[in-house]
Amino acid sequence: MARPKNDILQGTLALLVLKTVADGGRMHGYAITAHIQRVSADLLRVEEGSLYPGLHRMAQEGWLRAEWGTTEKNRQARFYTITKAGRKQLEIEEESWARLCSGVGRVLGYA
Amino acid sequence: MSWLARLRNVFRADEVSEEIEREMAFHLAERTDELIAAGASPEAARREAERRFGSDLLQRDNTRDRDVLVWLETLLGDFRYGLRALRRSPVFGLAAILTLAIGIGANTAVFTLLHGLLLRSLPVTRPEELARIGLTNLGDGPPAPFIPYRMIQQLRREQRSFVDLSAWREQSVAVSDRDGMKRWHQVGLVSGNAFALLGAQPRLGRLIDESDDVPGGPAHGWPVVLSDGFWRDRFAAEVSGTFVQIVGVTPPAFHGLWPGVEPKLYLPMQFLTVLQGRDDLNSPAPTSVVWCAAIGRLKPGVSHAAAGVEMAASQGRLLHEFTPPDFLRNPGSKTLA
(Lines give C-alpha, C1' and ligand atoms only; values in the text may rest on other atoms or scores of the structure.)
Protein backbone atom coordinates (compact mmCIF):
# COMPACT_ATOMS: atom_id res chain seq x y z
CA MET A 1 0.00 0.00 0.00
CA ALA A 2 1.76 3.16 -1.12
CA ARG A 3 0.60 6.11 0.97
CA PRO A 4 1.54 9.77 0.70
CA LYS A 5 4.24 10.62 3.24
CA ASN A 6 2.26 13.08 5.31
CA ASP A 7 -0.53 10.63 6.06
CA ILE A 8 -1.02 10.01 9.71
CA LEU A 9 1.09 7.31 11.30
CA GLN A 10 -0.89 4.20 12.11
CA GLY A 11 -2.23 4.32 15.64
CA THR A 12 -1.94 8.06 16.10
CA LEU A 13 -5.33 8.76 14.53
CA ALA A 14 -7.12 8.06 17.84
CA LEU A 15 -4.72 10.32 19.70
CA LEU A 16 -5.18 13.22 17.28
CA VAL A 17 -8.96 12.85 17.04
CA LEU A 18 -9.44 12.57 20.81
CA LYS A 19 -7.21 15.60 21.40
CA THR A 20 -9.06 17.60 18.78
CA VAL A 21 -12.52 16.76 20.10
CA ALA A 22 -11.41 17.23 23.72
CA ASP A 23 -10.38 20.81 22.89
CA GLY A 24 -12.98 21.63 20.27
CA GLY A 25 -16.16 20.34 21.89
CA ARG A 26 -18.89 19.12 19.56
CA MET A 27 -17.44 18.53 16.07
CA HIS A 28 -18.25 16.64 12.91
CA GLY A 29 -15.70 14.59 10.95
CA TYR A 30 -14.99 17.30 8.42
CA ALA A 31 -14.24 19.86 11.13
CA ILE A 32 -11.92 17.34 12.83
CA THR A 33 -9.98 16.83 9.59
CA ALA A 34 -9.75 20.55 8.95
CA HIS A 35 -8.62 21.24 12.51
CA ILE A 36 -5.83 18.64 12.46
CA GLN A 37 -4.60 19.88 9.13
CA ARG A 38 -4.69 23.55 10.18
CA VAL A 39 -3.14 23.14 13.62
CA SER A 40 -0.35 20.95 12.24
CA ALA A 41 0.34 23.65 9.63
CA ASP A 42 -0.48 21.17 6.85
CA LEU A 43 2.19 18.76 8.06
CA LEU A 44 -0.44 16.16 8.89
CA ARG A 45 -3.32 15.07 6.72
CA VAL A 46 -6.01 12.71 7.94
CA GLU A 47 -6.66 10.05 5.37
CA GLU A 48 -10.29 10.74 4.69
CA GLY A 49 -11.23 7.19 3.74
CA SER A 50 -10.13 5.79 7.10
CA LEU A 51 -11.32 8.66 9.31
CA TYR A 52 -14.99 7.64 9.39
CA PRO A 53 -14.50 3.95 10.13
CA GLY A 54 -12.05 5.13 12.81
CA LEU A 55 -14.60 7.50 14.33
CA HIS A 56 -17.16 4.70 14.45
CA ARG A 57 -14.69 2.45 16.23
CA MET A 58 -13.93 5.14 18.78
CA ALA A 59 -17.66 5.64 19.38
CA GLN A 60 -18.02 1.90 19.83
CA GLU A 61 -15.19 1.86 22.35
CA GLY A 62 -17.14 4.49 24.27
CA TRP A 63 -14.50 7.19 23.79
CA LEU A 64 -16.77 9.40 21.71
CA ARG A 65 -20.48 10.08 21.78
CA ALA A 66 -22.04 10.49 18.35
CA GLU A 67 -25.32 12.03 17.26
CA TRP A 68 -26.78 13.30 14.01
CA GLY A 69 -27.41 17.01 13.83
CA THR A 70 -27.72 19.90 11.43
CA THR A 71 -24.90 22.22 10.40
CA GLU A 72 -25.18 25.98 9.82
CA LYS A 73 -25.57 25.18 6.14
CA ASN A 74 -28.51 22.97 7.02
CA ARG A 75 -26.72 19.75 6.14
CA GLN A 76 -27.04 16.51 8.10
CA ALA A 77 -23.80 15.62 9.84
CA ARG A 78 -22.74 13.29 12.63
CA PHE A 79 -21.39 15.26 15.58
CA TYR A 80 -18.90 13.84 18.06
CA THR A 81 -18.20 14.76 21.68
CA ILE A 82 -15.60 13.21 23.96
CA THR A 83 -16.72 11.03 26.89
CA LYS A 84 -15.12 10.46 30.27
CA ALA A 85 -13.66 7.18 28.99
CA GLY A 86 -12.40 9.13 25.98
CA ARG A 87 -10.51 11.59 28.18
CA LYS A 88 -8.95 8.71 30.04
CA GLN A 89 -7.93 7.10 26.76
CA LEU A 90 -6.49 10.41 25.59
CA GLU A 91 -4.24 10.47 28.67
CA ILE A 92 -3.05 6.94 27.93
CA GLU A 93 -2.37 7.75 24.30
CA GLU A 94 -0.55 10.98 25.13
CA GLU A 95 1.66 9.13 27.55
CA SER A 96 2.50 6.34 25.13
CA TRP A 97 3.20 8.88 22.40
CA ALA A 98 5.61 10.72 24.70
CA ARG A 99 7.33 7.43 25.47
CA LEU A 100 7.59 6.60 21.77
CA CYS A 101 9.06 10.01 20.96
CA SER A 102 11.64 9.84 23.71
CA GLY A 103 12.57 6.29 22.69
CA VAL A 104 12.96 7.17 19.03
CA GLY A 105 14.78 10.37 20.01
CA ARG A 106 17.33 8.39 22.03
CA VAL A 107 17.97 5.96 19.22
CA LEU A 108 18.56 8.85 16.85
CA GLY A 109 20.80 10.50 19.43
CA TYR A 110 18.72 13.66 19.86
CA ALA A 111 17.79 13.16 23.49
CA MET B 1 -37.15 -17.10 13.47
CA SER B 2 -39.06 -15.82 10.45
CA TRP B 3 -37.25 -15.25 7.18
CA LEU B 4 -37.79 -11.54 7.48
CA ALA B 5 -36.42 -11.33 11.03
CA ARG B 6 -33.42 -13.33 9.97
CA LEU B 7 -32.82 -11.12 6.98
CA ARG B 8 -33.13 -8.03 9.15
CA ASN B 9 -30.52 -9.42 11.54
CA VAL B 10 -28.16 -9.94 8.70
CA PHE B 11 -28.74 -6.37 7.52
CA ARG B 12 -27.82 -4.72 10.82
CA ALA B 13 -24.14 -4.57 9.92
CA ASP B 14 -25.16 -2.73 6.84
CA GLU B 15 -26.93 0.05 8.72
CA VAL B 16 -23.55 1.02 10.17
CA SER B 17 -22.02 1.00 6.71
CA GLU B 18 -24.84 3.14 5.41
CA GLU B 19 -24.42 5.60 8.25
CA ILE B 20 -20.73 5.95 7.43
CA GLU B 21 -21.50 6.41 3.75
CA ARG B 22 -23.89 9.20 4.76
CA GLU B 23 -21.13 10.82 6.81
CA MET B 24 -18.75 10.53 3.88
CA ALA B 25 -21.33 12.15 1.61
CA PHE B 26 -21.48 15.11 4.00
CA HIS B 27 -17.70 15.31 4.00
CA LEU B 28 -17.64 15.30 0.19
CA ALA B 29 -20.20 18.11 0.07
CA GLU B 30 -18.24 20.27 2.54
CA ARG B 31 -14.92 19.68 0.78
CA THR B 32 -16.50 20.51 -2.57
CA ASP B 33 -17.87 23.80 -1.19
CA GLU B 34 -14.46 24.69 0.18
CA LEU B 35 -12.73 24.01 -3.14
CA ILE B 36 -15.34 26.02 -5.02
CA ALA B 37 -14.83 28.90 -2.59
CA ALA B 38 -11.11 28.63 -3.35
CA GLY B 39 -11.86 29.15 -7.03
CA ALA B 40 -12.34 25.65 -8.50
CA SER B 41 -15.16 24.94 -10.91
CA PRO B 42 -17.96 22.87 -9.35
CA GLU B 43 -16.99 19.85 -11.43
CA ALA B 44 -13.28 20.04 -10.69
CA ALA B 45 -14.06 20.61 -7.00
CA ARG B 46 -16.21 17.50 -6.85
CA ARG B 47 -13.57 15.42 -8.60
CA GLU B 48 -10.85 16.63 -6.27
CA ALA B 49 -12.99 15.98 -3.18
CA GLU B 50 -13.59 12.42 -4.37
CA ARG B 51 -9.93 11.93 -5.21
CA ARG B 52 -8.99 12.77 -1.65
CA PHE B 53 -11.11 9.86 -0.51
CA GLY B 54 -8.84 7.79 -2.68
CA SER B 55 -11.74 6.99 -4.91
CA ASP B 56 -12.63 7.32 -8.51
CA LEU B 57 -15.51 4.94 -7.96
CA LEU B 58 -18.08 7.67 -7.57
CA GLN B 59 -17.14 9.04 -10.93
CA ARG B 60 -17.76 5.66 -12.48
CA ASP B 61 -21.09 5.37 -10.71
CA ASN B 62 -22.26 8.59 -12.33
CA THR B 63 -21.40 7.17 -15.72
CA ARG B 64 -23.42 4.10 -14.96
CA ASP B 65 -26.43 6.24 -14.00
CA ARG B 66 -26.32 7.89 -17.40
CA ASP B 67 -26.24 4.48 -19.08
CA VAL B 68 -29.26 3.44 -17.07
CA LEU B 69 -31.12 6.55 -18.24
CA VAL B 70 -30.48 5.67 -21.87
CA TRP B 71 -31.63 2.14 -21.19
CA LEU B 72 -34.81 3.37 -19.49
CA GLU B 73 -35.63 5.63 -22.43
CA THR B 74 -35.17 2.72 -24.81
CA LEU B 75 -37.39 0.57 -22.64
CA LEU B 76 -40.06 3.24 -22.56
CA GLY B 77 -39.97 3.40 -26.35
CA ASP B 78 -40.44 -0.36 -26.55
CA PHE B 79 -43.29 -0.11 -24.12
CA ARG B 80 -45.10 2.55 -26.19
CA TYR B 81 -44.64 0.45 -29.29
CA GLY B 82 -46.08 -2.52 -27.36
CA LEU B 83 -49.13 -0.52 -26.36
CA ARG B 84 -49.85 0.46 -29.97
CA ALA B 85 -49.47 -3.17 -31.05
CA LEU B 86 -51.77 -4.22 -28.24
CA ARG B 87 -54.52 -1.86 -29.43
CA ARG B 88 -54.31 -3.26 -32.96
CA SER B 89 -54.25 -6.91 -31.97
CA PRO B 90 -55.07 -7.48 -28.29
CA VAL B 91 -54.55 -11.25 -28.11
CA PHE B 92 -51.27 -11.26 -29.98
CA GLY B 93 -50.13 -8.22 -28.05
CA LEU B 94 -50.86 -9.76 -24.69
CA ALA B 95 -49.01 -12.94 -25.61
CA ALA B 96 -46.06 -10.84 -26.79
CA ILE B 97 -45.99 -8.84 -23.58
CA LEU B 98 -46.14 -12.01 -21.49
CA THR B 99 -43.24 -13.44 -23.45
CA LEU B 100 -41.32 -10.21 -23.06
CA ALA B 101 -42.03 -10.17 -19.35
CA ILE B 102 -40.77 -13.71 -18.90
CA GLY B 103 -37.74 -12.93 -21.02
CA ILE B 104 -36.96 -9.79 -19.07
CA GLY B 105 -37.46 -11.65 -15.79
CA ALA B 106 -34.91 -14.27 -16.77
CA ASN B 107 -32.31 -11.74 -17.91
CA THR B 108 -32.76 -8.93 -15.41
CA ALA B 109 -29.56 -7.74 -13.78
CA VAL B 110 -29.13 -9.97 -10.76
CA PHE B 111 -25.84 -8.86 -9.25
CA THR B 112 -24.51 -5.40 -8.66
CA LEU B 113 -21.41 -3.84 -7.05
CA LEU B 114 -21.86 -2.14 -3.65
CA HIS B 115 -20.00 -0.03 -1.10
CA GLY B 116 -16.92 1.27 -2.81
CA LEU B 117 -15.69 3.72 -0.21
CA LEU B 118 -15.67 1.49 2.85
CA LEU B 119 -13.74 -1.41 1.39
CA ARG B 120 -11.18 0.99 -0.03
CA SER B 121 -10.24 2.11 3.47
CA LEU B 122 -9.34 -1.39 4.73
CA PRO B 123 -5.71 -1.89 5.81
CA VAL B 124 -5.09 -4.69 3.31
CA THR B 125 -3.24 -5.25 0.03
CA ARG B 126 -4.49 -2.94 -2.78
CA PRO B 127 -7.91 -2.28 -1.20
CA GLU B 128 -9.00 -0.42 -4.34
CA GLU B 129 -9.37 -3.79 -6.07
CA LEU B 130 -11.94 -5.03 -3.57
CA ALA B 131 -15.62 -5.01 -4.39
CA ARG B 132 -18.74 -6.20 -2.67
CA ILE B 133 -21.43 -7.83 -4.72
CA GLY B 134 -25.11 -7.33 -3.94
CA LEU B 135 -28.27 -8.90 -5.17
CA THR B 136 -31.06 -7.10 -6.95
CA ASN B 137 -34.52 -8.58 -7.42
CA LEU B 138 -35.20 -9.21 -3.73
CA GLY B 139 -38.41 -7.48 -2.70
CA ASP B 140 -38.64 -3.73 -3.23
CA GLY B 141 -36.03 -1.14 -2.38
CA PRO B 142 -32.26 -1.03 -2.78
CA PRO B 143 -30.17 -4.10 -3.73
CA ALA B 144 -29.71 -6.64 -0.94
CA PRO B 145 -26.14 -6.57 0.38
CA PHE B 146 -26.13 -10.30 1.17
CA ILE B 147 -26.12 -13.30 -1.13
CA PRO B 148 -26.97 -16.93 -0.35
CA TYR B 149 -23.76 -18.86 0.34
CA ARG B 150 -24.36 -21.48 -2.32
CA MET B 151 -25.08 -18.80 -4.90
CA ILE B 152 -21.70 -17.22 -4.15
CA GLN B 153 -20.05 -20.60 -4.70
CA GLN B 154 -21.74 -20.98 -8.09
CA LEU B 155 -20.93 -17.38 -9.05
CA ARG B 156 -17.28 -18.04 -8.15
CA ARG B 157 -17.13 -20.67 -10.85
CA GLU B 158 -18.95 -18.65 -13.49
CA GLN B 159 -17.53 -15.13 -13.14
CA ARG B 160 -14.44 -13.87 -14.93
CA SER B 161 -13.85 -10.36 -13.57
CA PHE B 162 -12.56 -11.32 -10.13
CA VAL B 163 -9.49 -13.18 -8.97
CA ASP B 164 -11.93 -14.93 -6.64
CA LEU B 165 -14.99 -14.30 -4.45
CA SER B 166 -15.09 -14.88 -0.70
CA ALA B 167 -17.97 -15.17 1.77
CA TRP B 168 -18.21 -13.31 5.09
CA ARG B 169 -20.84 -13.64 7.75
CA GLU B 170 -21.06 -12.18 11.26
CA GLN B 171 -23.11 -13.61 14.07
CA SER B 172 -23.24 -13.72 17.86
CA VAL B 173 -21.93 -16.90 19.45
CA ALA B 174 -21.62 -17.93 23.11
CA VAL B 175 -17.95 -18.29 23.99
CA SER B 176 -16.66 -19.74 27.28
CA ASP B 177 -13.80 -17.90 28.93
CA ARG B 178 -11.03 -19.71 30.75
CA ASP B 179 -12.95 -19.25 33.99
CA GLY B 180 -15.97 -20.99 32.45
CA MET B 181 -18.07 -17.81 32.07
CA LYS B 182 -20.15 -17.73 28.89
CA ARG B 183 -20.35 -14.49 26.96
CA TRP B 184 -21.87 -13.59 23.64
CA HIS B 185 -19.33 -12.42 21.14
CA GLN B 186 -19.45 -11.28 17.55
CA VAL B 187 -17.91 -14.03 15.46
CA GLY B 188 -16.87 -13.84 11.83
CA LEU B 189 -17.44 -16.91 9.69
CA VAL B 190 -15.28 -16.74 6.60
CA SER B 191 -14.78 -18.89 3.55
CA GLY B 192 -11.34 -20.49 3.34
CA ASN B 193 -10.08 -18.00 0.77
CA ALA B 194 -11.31 -14.85 2.58
CA PHE B 195 -8.10 -13.74 4.30
CA ALA B 196 -5.82 -14.77 1.43
CA LEU B 197 -7.98 -12.70 -0.91
CA LEU B 198 -7.56 -9.65 1.33
CA GLY B 199 -3.81 -10.26 1.46
CA ALA B 200 -3.95 -9.98 5.26
CA GLN B 201 -0.87 -11.15 7.20
CA PRO B 202 -1.33 -12.65 10.68
CA ARG B 203 0.13 -10.92 13.71
CA LEU B 204 0.76 -14.40 15.13
CA GLY B 205 0.40 -17.93 13.81
CA ARG B 206 -1.75 -18.14 10.70
CA LEU B 207 -5.20 -17.09 9.46
CA ILE B 208 -8.13 -19.26 8.32
CA ASP B 209 -7.27 -20.94 5.01
CA GLU B 210 -8.80 -23.32 2.46
CA SER B 211 -7.75 -26.47 4.35
CA ASP B 212 -9.81 -25.28 7.36
CA ASP B 213 -13.06 -24.64 5.54
CA VAL B 214 -14.12 -28.19 4.72
CA PRO B 215 -17.44 -29.85 5.64
CA GLY B 216 -17.11 -31.49 9.05
CA GLY B 217 -13.97 -29.49 9.79
CA PRO B 218 -10.30 -30.39 9.30
CA ALA B 219 -9.00 -33.66 10.81
CA HIS B 220 -7.13 -31.88 13.63
CA GLY B 221 -10.29 -30.04 14.79
CA TRP B 222 -11.84 -26.61 14.15
CA PRO B 223 -9.33 -23.78 14.09
CA VAL B 224 -10.13 -20.30 15.40
CA VAL B 225 -8.31 -17.05 14.71
CA LEU B 226 -8.54 -14.33 17.34
CA SER B 227 -8.83 -10.66 16.56
CA ASP B 228 -5.85 -8.69 17.78
CA GLY B 229 -7.95 -6.87 20.38
CA PHE B 230 -9.47 -10.06 21.75
CA TRP B 231 -6.06 -11.68 21.88
CA ARG B 232 -4.77 -8.88 24.01
CA ASP B 233 -7.82 -8.88 26.31
CA ARG B 234 -8.03 -12.62 26.94
CA PHE B 235 -8.47 -15.69 24.88
CA ALA B 236 -11.13 -18.32 24.61
CA ALA B 237 -10.88 -22.05 24.17
CA GLU B 238 -14.46 -23.24 23.76
CA VAL B 239 -17.09 -22.05 21.29
CA SER B 240 -20.67 -23.26 21.75
CA GLY B 241 -19.66 -26.55 23.36
CA THR B 242 -17.06 -27.43 20.73
CA PHE B 243 -13.39 -27.19 21.53
CA VAL B 244 -11.51 -25.24 18.95
CA GLN B 245 -7.82 -24.66 18.52
CA ILE B 246 -6.35 -21.17 18.42
CA VAL B 247 -4.16 -21.06 15.34
CA GLY B 248 -3.46 -17.38 14.90
CA VAL B 249 -4.17 -13.70 15.53
CA THR B 250 -5.33 -11.16 12.97
CA PRO B 251 -3.12 -8.18 12.07
CA PRO B 252 -3.46 -5.33 14.63
CA ALA B 253 -4.78 -2.81 12.09
CA PHE B 254 -7.52 -5.12 10.81
CA HIS B 255 -10.86 -4.59 12.54
CA GLY B 256 -13.11 -6.66 10.32
CA LEU B 257 -14.72 -5.55 7.09
CA TRP B 258 -17.38 -3.27 8.55
CA PRO B 259 -16.80 -0.67 11.22
CA GLY B 260 -18.97 -1.23 14.28
CA VAL B 261 -19.23 -4.99 13.87
CA GLU B 262 -15.69 -6.11 14.66
CA PRO B 263 -15.64 -9.89 15.17
CA LYS B 264 -13.67 -11.10 18.18
CA LEU B 265 -13.03 -14.50 16.61
CA TYR B 266 -12.87 -15.90 13.10
CA LEU B 267 -13.90 -19.43 12.22
CA PRO B 268 -14.23 -21.27 8.92
CA MET B 269 -17.61 -20.83 7.24
CA GLN B 270 -18.21 -24.58 7.50
CA PHE B 271 -18.26 -24.21 11.30
CA LEU B 272 -21.78 -22.87 10.82
CA THR B 273 -22.99 -26.48 10.59
CA VAL B 274 -21.71 -26.99 14.16
CA LEU B 275 -23.34 -23.78 15.40
CA GLN B 276 -26.69 -24.59 13.82
CA GLY B 277 -26.63 -28.32 14.40
CA ARG B 278 -27.68 -28.87 10.80
CA ASP B 279 -26.20 -28.51 7.37
CA ASP B 280 -27.60 -25.32 5.84
CA LEU B 281 -24.40 -24.60 3.94
CA ASN B 282 -24.22 -27.59 1.66
CA SER B 283 -27.83 -28.72 1.68
CA PRO B 284 -29.65 -28.26 -1.61
CA ALA B 285 -33.03 -27.64 0.12
CA PRO B 286 -34.22 -24.21 -1.06
CA THR B 287 -35.39 -23.06 2.41
CA SER B 288 -31.98 -23.37 4.04
CA VAL B 289 -30.26 -20.28 2.78
CA VAL B 290 -27.18 -18.83 4.48
CA TRP B 291 -26.85 -15.12 3.69
CA CYS B 292 -23.29 -13.90 3.35
CA ALA B 293 -21.44 -10.82 2.21
CA ALA B 294 -19.69 -11.57 -1.08
CA ILE B 295 -16.30 -9.87 -1.32
CA GLY B 296 -14.28 -10.15 -4.49
CA ARG B 297 -10.91 -8.91 -5.68
CA LEU B 298 -10.80 -7.62 -9.23
CA LYS B 299 -8.31 -9.16 -11.60
CA PRO B 300 -5.49 -6.80 -12.57
CA GLY B 301 -6.70 -4.47 -15.32
CA VAL B 302 -10.41 -5.10 -14.70
CA SER B 303 -12.21 -1.94 -13.60
CA HIS B 304 -15.08 -1.82 -11.15
CA ALA B 305 -17.24 -0.62 -14.00
CA ALA B 306 -16.36 -3.63 -16.16
CA ALA B 307 -16.99 -6.04 -13.28
CA GLY B 308 -20.30 -4.27 -12.67
CA VAL B 309 -21.29 -4.90 -16.24
CA GLU B 310 -20.40 -8.59 -15.98
CA MET B 311 -22.33 -8.93 -12.74
CA ALA B 312 -25.36 -7.15 -14.18
CA ALA B 313 -25.32 -9.46 -17.20
CA SER B 314 -25.31 -12.66 -15.11
CA GLN B 315 -28.19 -14.94 -15.82
CA GLY B 316 -31.28 -14.98 -13.62
CA ARG B 317 -30.93 -18.75 -13.44
CA LEU B 318 -28.62 -18.45 -10.41
CA LEU B 319 -31.20 -16.36 -8.63
CA HIS B 320 -33.97 -18.89 -9.07
CA GLU B 321 -31.76 -21.83 -8.27
CA PHE B 322 -30.45 -20.54 -4.95
CA THR B 323 -33.06 -18.16 -3.51
CA PRO B 324 -36.22 -19.18 -1.65
CA PRO B 325 -39.26 -18.23 -3.76
CA ASP B 326 -40.69 -15.83 -1.10
CA PHE B 327 -37.74 -13.53 -1.69
CA LEU B 328 -38.12 -13.19 -5.40
CA ARG B 329 -39.73 -10.22 -6.97
CA ASN B 330 -42.34 -11.56 -9.34
CA PRO B 331 -40.58 -10.99 -12.65
CA GLY B 332 -43.71 -10.55 -14.72
CA SER B 333 -45.86 -8.37 -12.48
CA LYS B 334 -43.98 -5.10 -12.99
CA THR B 335 -44.09 -5.22 -16.74
CA LEU B 336 -47.73 -6.14 -16.96
CA ALA B 337 -48.94 -3.67 -14.33
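Given the structure is predicted, the values throughout are model-derived calculations rather than measurements. Note that these values count all heavy atoms, side chains included, but never hydrogens, waters or copies made by symmetry. Proteins get letters first, then strands, A, B, ... in listed order; numbering begins at 1 in each.
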Identify, with sequence neighbours excluded, every residue that meets ring pair (Phe, Tyr, Trp, His ring centres under 6.0 Å) alongside A/Trp63.
none
With side chains defined as the heavy atoms from C-beta onward, is the minimum distance between B/Met24 and A/Leu51 less than 4.5 Å?
no
Starting at OH of A/Tyr30, measure out to CD of B/Glu34 and round the result to the nearest 0.5 Å.
3.5 Å
Just verifying a value: how many Å separate B/Glu262 CD and A/Glu61 CD, rounded to the nearest 0.5 Å?
7.5 Å
Are the side chains of A/Lys73 and B/Glu30 in touch, meaning some heavy atoms are under 4.5 Å apart?
yes
All salt bridge (charged side-chain N to carboxylate O under 4.0 Å, His left out) counterparts of B/Asp209, not counting sequence neighbours:
B/Arg206
To check you understand the geometry: which heavy-atom pair defines the closest contact between A/Tyr80 and B/Glu23, and what is its length?
OH-OE2, 2.7 Å
Inter-residue atom distance A/Gln76.CD - B/Arg22.CZ, 0.5 Å rounding:
6.0 Å
Are the side chains of B/Phe26 and A/Arg78 in touch, meaning some heavy atoms are under 4.5 Å apart?
no
I'd like to know whether NZ of B/Lys299 has more than 12 heavy-atom contacts from other residues, nucleotides or ligands below 6.0 angstrom.
yes
